[in-house]
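Beneath this line is the structure, given in structure tokens, with notes to follow.
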There are 2 protein chains.
Amino acid sequence: MKGYTYRTGDSEPSTHLPLWEALVTDSVGDVIEFWGFKRNHGRVWALLYIRREPMNARQIQEDLELSKGAVSMISRDLEQWNVVSRVRHPGSSAWHFVAEVDFMEMITHVLQEREGELIRRVSTDLKDAEKLARESKEVEQETLDRIKRMRTLAGLMQQALDIFMKTARLDVSDTRDLL
Amino acid sequence: MKGYTYRTGDSEPSTHLPLWEALVTDSVGDVIEFWGFKRNHGRVWALLYIRREPMNARQIQEDLELSKGAVSMISRDLEQWNVVSRVRHPGSSAWHFVAEVDFMEMITHVLQEREGELIRRVSTDLKDAEKLARESKEVEQETLDRIKRMRTLAGLMQQALDIFMKTARLDVSDTRDLL
DNA sequence: CCGTAAGTTCACGAGGTTTTGAACACCTAT
DNA sequence: ATAGGTGTTCAAAACCTCGTGAACTTACGG
């Protein structure tokens, strides 16, 4: 099972960040990790989101206690997913980052892909399995039925996930207006 | 009876199981893994499900090429989740396992718990964060709003997941009647 | 009871993923 | 052009999770 289970005991949140900021960034980190992203994707986005002004890589690195390389890679990811954008800040030669507000978009988007890929593969494999089982006599009807049942189940799963993602996105854009 | 089979190349599914069975068990393994369980949870359950008759640990171990210990632990988990039950088989001193049909139940159940735990923690952390931020002046209103927004977002997430799980369960029990 | 087979537990290691940091490449301002 | 700060890459390190198998415990049959 993935990492969303626990945070180590007392979990002293990052040292020199105000406690409340640490709580926010870590929370978002945990949630995002639940969805199969890296914890630090969430932490970086959250930091940018509550700071509300462009930050350069160096500040992020210090505040979240990450390495140079990590910040570079994480922010590239976030940028690619359009939840963070990179801007020039007057009076500085460094890039600065700002948070976009719709990160639910990102979650649903990436989930969409991952899930699609999975379901596609499973569906064809099960179809093959059914065909093979049917050819090799000796397999009872009830067994064939069970394979078929699993196939419809895969379909239902996809459907359900789609619904989930649609409502999620809907709910969040509602929220966005709200602010 | 050493294994002479040595297949290079792509994705050779477990060797001595009929190909179609391997396809089925591996597929279920992949799906279940997506949901944050172990791959072998899915494989064991699927094997029992298609075989349709009680199997003892030894058979499972051989068919899926697992270790003694693994089979023991995996089947304990499955049993705890009520997707497999342990029965006495006449004429044998060993326990035998059979698959229950509703494993969507299990997914939703366990997800329910894990997700609940997570959301609960995140909610209180964000509540604390908001309180702290408010106390330490210097924090602008807009920032407070953003924290609040994240809180409602956590709530929405929970809600969405609930909906998803309900529909999933519903769809599946439909399917169950269907057989 | 005893002997044997079945079942459980757990320290360890293999395998996989994330982070690090040093080397390298790229800008920008002078 | 070039110096110095910025940004990226990637091999190695740290980390985490799972499966293994030997040691142990339990249960059954005789």
Side-chain angles (χ1 to χ4, degrees), chain A residues 1-9 11 14 25-26 29-30 32-45 48 54-80 84-98 110 114, chain B residues 11 14 25-26 29-30 32-45 47-48 54-80 84-98 110 114:
Chain A
M1 299 182 195
K2 290 275 181 54
Y4 26 77
T5 17
Y6 7 62
R7 200 164 24 163
T8 29
S11 77
S14 331
T25 52
D26 286 356
D30 288 349
I32 221 63
E33 189 174 31
F34 175 86
W35 289 109
F37 300 84
K38 294 190 205 164
R39 188 155 195 280
N40 285 331
H41 284 143
R43 297 215 303 144
V44 170
W45 179 85
L48 292 171
M55 295 177 72
N56 63 31
R58 164 155 265 282
Q59 296 170 270
I60 297 174
Q61 180 184 339
E62 285 170 0
D63 287 349
L64 298 181
E65 294 175 326
L66 299 174
S67 70
K68 213 166 170 249
V71 173
S72 173
M73 289 187 303
I74 298 276
S75 44
R76 176 154 61 61
D77 291 344
L78 293 176
E79 208 184 345
Q80 247 157 20
V84 149
S85 53
R86 185 183 295 239
V87 300
R88 279 282 172 213
H89 208 52
S92 163
S93 64
W95 284 107
H96 284 238
F97 299 94
V98 270
V110 179
R114 282 208 299 245
Chain B
S11 74
S14 330
T25 52
D26 287 356
D30 288 350
I32 221 64
E33 190 176 29
F34 175 85
W35 288 109
F37 300 85
K38 295 188 205 167
R39 195 175 144 74
N40 284 332
H41 284 143
R43 297 214 305 145
V44 170
W45 179 85
L47 181 66
L48 292 171
M55 295 177 72
N56 63 31
R58 164 153 264 282
Q59 297 170 268
I60 296 174
Q61 181 184 340
E62 285 171 0
D63 286 349
L64 298 182
E65 294 176 324
L66 298 173
S67 69
K68 212 168 171 245
V71 173
S72 173
M73 289 188 302
I74 298 276
S75 44
R76 177 154 61 62
D77 290 344
L78 293 176
E79 208 183 346
Q80 246 156 18
V84 148
S85 54
R86 186 183 294 239
V87 300
R88 279 286 171 212
H89 207 52
S92 163
S93 65
W95 284 106
H96 285 238
F97 299 95
V98 270
V110 179
R114 282 209 300 242

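Only heavy atoms go into these numbers, but all of them, side chains included; no hydrogens, no water, no symmetry mates.
Annotation for A/R114 and A/W35: closest pair NH2-O, 2.6 Å, computed over non-hydrogen atoms. The nearest pair of heavy atoms linking A/W45 to A/L78 is N-CD1, 4.1 Å.
In summary, contact between chain B and DNA chain C, defined as any nucleotide atom under 4.0 Å from a heavy atom of the protein, begins and ends at C/dA6 to C/dC10 in the 5' to 3' direction.
For A/S75, the side chain to side chain contact (heavy atoms under 4.5 Å, CB included) partners two or more places apart in sequence, or in a different chain, are A/V71, A/F97. A search for side chain to side chain contact (heavy atoms under 4.5 Å, CB included) contacts involving B/S85 returns B/V98, B/E100, not counting sequence neighbours. Scanning for side-chain hydrogen bond (donor to acceptor under 3.5 Å, both in side chains) contacts around A/R58 gives A/E62, with sequence neighbours left out.
No side-chain N or O of B/N56 forms a donor-acceptor pair with one of B/H89 less than 3.5 Å apart.
Taking 4.5 Å as the limit, every side-chain heavy atom of B/L64 sits out of range of all side-chain heavy atoms of B/N40.
Residue B/L64 contributes atom CG, which lies 12 Å from atom P of D/dG19 at whole-angstrom precision. As rounded to whole Å, 9 Å separates atom C1' of D/dG19 from atom CD1 of B/I74.
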Apply the test side chain to side chain contact (heavy atoms under 4.5 Å, CB included) to residues B/R39 and B/I32: give CA-CA distance (whole Å), side-chain angles for both, the deciding distance (0.1 Å), then the verdict. CA-CA 6 Å; B/R39 195 175 144 74; B/I32 221 64; 5.6 Å; no

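In this structure, B/I74 CD1 and B/Q61 CD are separated by 12.5 Å, a value rounded to the nearest 0.5 Å. Atom CD1 of A/I60 is separated from atom CG of A/L66 by 9.0 Å, given to the nearest 0.5 angstrom.
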Each nucleotide in nucleotides 4-14 of chain D should get exactly one letter: B, S or -. Can you fill that in based on protein heavy atoms under 4.0 Å? --SBBBB----

In dot-bracket form, how is DNA chain D paired, counting a Watson-Crick or G-U wobble pair only if both its distances are under 3.5 Å and using | for bases paired to another strand? ||||||||||||||||||||||||||||||

